[in-house]
Amino acid sequence: MSTIFKRLLDHFGPQGWWPAETPFEVMVGAILTQNTSWKNVERAIENLKNAGCLTPERITSCPLNELRELIKPAGFYNQKALYLKELSRFLLDHPLEELATLPTHELRRLLLSIKGIGKETADSILLYVFNRPVFVADRYSHRVFSRLGIWRGPYRYEEIRSLVEEEMKDPEELKEFHALVVELAKNYCRPQPRCDACPLKDLCSFNREGE
DNA sequence: CACCAGGTTGACC
DNA sequence: GGTCAACATGGT
């Protein structure tokens, strides 16, 4: 696992995730990017910035219809507008300084209680906002680990997360690793793979089927 | 034209 | 516990 990380870092270089100016922007981006390309999320965030709506206060006071229009480029805008309202309400009730004092498992439980925040979004926030040592075990990681023969069987979020967290404890490394796995999968591990140019070609076991 | 994207929810079994 | 359709825009 650590070897793979070094290989990826060597090949792609530091990815600099998460791209955002404030912790709140990270959280908003984490919700908006759910099953959505980052390119579309950028437009939505740009709209929110231009409207001065990138704080919990302004999103809470923003009319729902207006909020929907602002984030439209990110897709699923009806439910995501509600999710952003939920998140903002939560943050007004629980300041970041308070949340930062909680142990990771309690903070995760709190985040998961917010409608619109599931496991992956919660872990993205734990990692990129609160610097907690967690791995974001998204579908890309499952695809990559399956192709590398590290993981057999179906996609199970918690099990893949544990697999990585047992070996890697440094939040900074976990941040980069998640970003690098995404980069690898996007470029070389598509449904129609291009294993010829893959930087981990020599490690890839393609004799087995199963995503 | 079909398929994919930095998932989550609620219904159902 | 697990599975599944619905959700919506923009790029390839």
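Letters A, B, ... mirror the listed sequences (proteins, then strands); counts begin at 1. It should be emphasised that the depicted structure is a prediction, and the values quoted were computed from it without experimental measurement.
- In this structure, A:F76 reaches the bases: a heavy-atom distance under 4.0 Å links it to at least one base atom across the strands shown.
- Across the interface with DNA chain C, nearest-nucleotide mapping of A:K39 and A:T36 shows A:T36 to be the residue nearer the 5′ end.
- Residues passing the ring-ring contact (aromatic ring centres under 6.0 Å, His included) test with A:H11: none are found, sequence neighbours excluded.
- Using a 4.0 Å heavy-atom criterion, one finds that A:I117 contacts the sugar-phosphate atoms exclusively.
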Under 3.5 Å, side-chain donor or acceptor atoms of residues 105-115 of chain A against the rest of the protein: list the pairs with distances, not counting sequence neighbours.
residue : atom : partner : partner atom : Å
A:R108  : NH1  : A:D123  : OD1          : 2.2
A:R108  : NH1  : A:D123  : OD2          : 3.3
A:S113  : OG   : A:L110  : O            : 2.5

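- Ion pairing between A:E172 and A:K175 holds under the 4.0 Å rule for side-chain N and carboxylate O.
- One can place CG of A:N40 at 15 Å from C1' of C:dC7, the figure rounded to the nearest angstrom.
- One atom, CG of A:L87, and another, P of B:dT8, lie 13 Å apart when rounded to the nearest Å.
- One interatomic measurement links the two molecules: CG of A:N187 to C1' of B:dC4, which rounds to 14 Å at whole-angstrom precision.
- Checking B:dA5, B:dG7, B:dG6 against every side-chain atom of A:W38, the shortest atom distance belongs to B:dG6.
- Looking at A:D202 and A:R7, a side-chain N of the basic residue comes within less than 4.0 Å of a carboxylate O on the acidic one, giving a salt bridge.
- Among the nucleotides B:dG6, C:dT9, B:dG7, the one closest to any side-chain atom of A:Y77 is C:dT9.
- Per the geometry, CG belonging to A:L126 stands 21 Å off P belonging to B:dG6, to the nearest Å.
- With values rounded to the nearest 0.5 angstrom, A:C53 atom SG is found 13.0 Å from A:I45 atom CD1.
- The shortest distance between the side-chain N/O atoms of A:R43 and the OP1/OP2 oxygens of C:dA8 is not below 4.0 Å.
- Separating the CD1 atom of A:I160 from the P atom of B:dG7 is a distance of 13 Å, rounded to the nearest angstrom.
- Put simply, CZ on A:F24 and CG on A:L91 are 6.0 Å apart, with the number rounded to the nearest 0.5 Å.
- Close to B:dT8, at under 4.0 Å from its OP1 or OP2, lies a side-chain N or O of A:T121.
- Using a 4.0 Å heavy-atom distance criterion, A:K72 is classed as a sugar-phosphate-only contact.
- Nucleotides C:dA8 and B:dG10 have their P atoms positioned 14 Å apart, rounded to a whole Å.
- Residue contacts for A:I114: at a heavy-atom cut-off of 4.0 Å it reaches the sugar-phosphate backbone alone, with no base atom in range.
- When each of B:dG6, B:dA5, B:dT8 is scored by its nearest atom to the side-chain atoms of A:Q34, the top-ranked nucleotide is B:dT8.
- Following rounding to the nearest Å, A:R143 (CZ) and B:dG6 (C1') show an atom-to-atom distance of 12 Å.
- Proximity of a side-chain donor or acceptor of A:K80 to a complementary backbone N or O of A:A74 within less than 3.5 Å is detected.
- The residue A:Q79 sits close to a base: some heavy atom pair falls under 4.0 Å.
- Contacts of A:K115 with the nucleic acid, taken as non-hydrogen atoms under 4.0 Å apart, involve only primed sugar atoms and P, OP1 or OP2.
- A:R68 comes within contact range of no nucleotide atom at all, as no heavy-atom separation falls under 4.0 Å.
- Taking atom NZ on A:K119 and atom C1' on C:dG2, their separation rounds to 11 Å, with Å as the unit.
- Using a 4.0 Å cut-off between a side-chain N of Lys or Arg and a carboxylate O of Asp or Glu, A:E165 and A:K169 do not qualify as a salt bridge.
- A:K85 contributes a side-chain N or O that, together with a main-chain N or O of A:C62, makes up a donor-acceptor pair within less than 3.5 Å.
- Distance CG (A:N35) to C1' (C:dC4): 14 Å, rounded to an integer number of Å.
- When the C1' atom is compared between C:dT3 and B:dG6, the two are found 23 Å apart, to the nearest whole Å.
- Considering only the side chain of A:R139, B:dG7 comes nearest among B:dG6, C:dA8, B:dG7.
- Less than 4.0 Å separates DNA chain B from no heavy atom of any residue of residues 166-183 of chain A.
- For the OP1/OP2 pair of B:dA5 and a distance below 4.0 Å, the side-chain nitrogens and oxygens of A:Y140 include at least one atom meeting the criterion.
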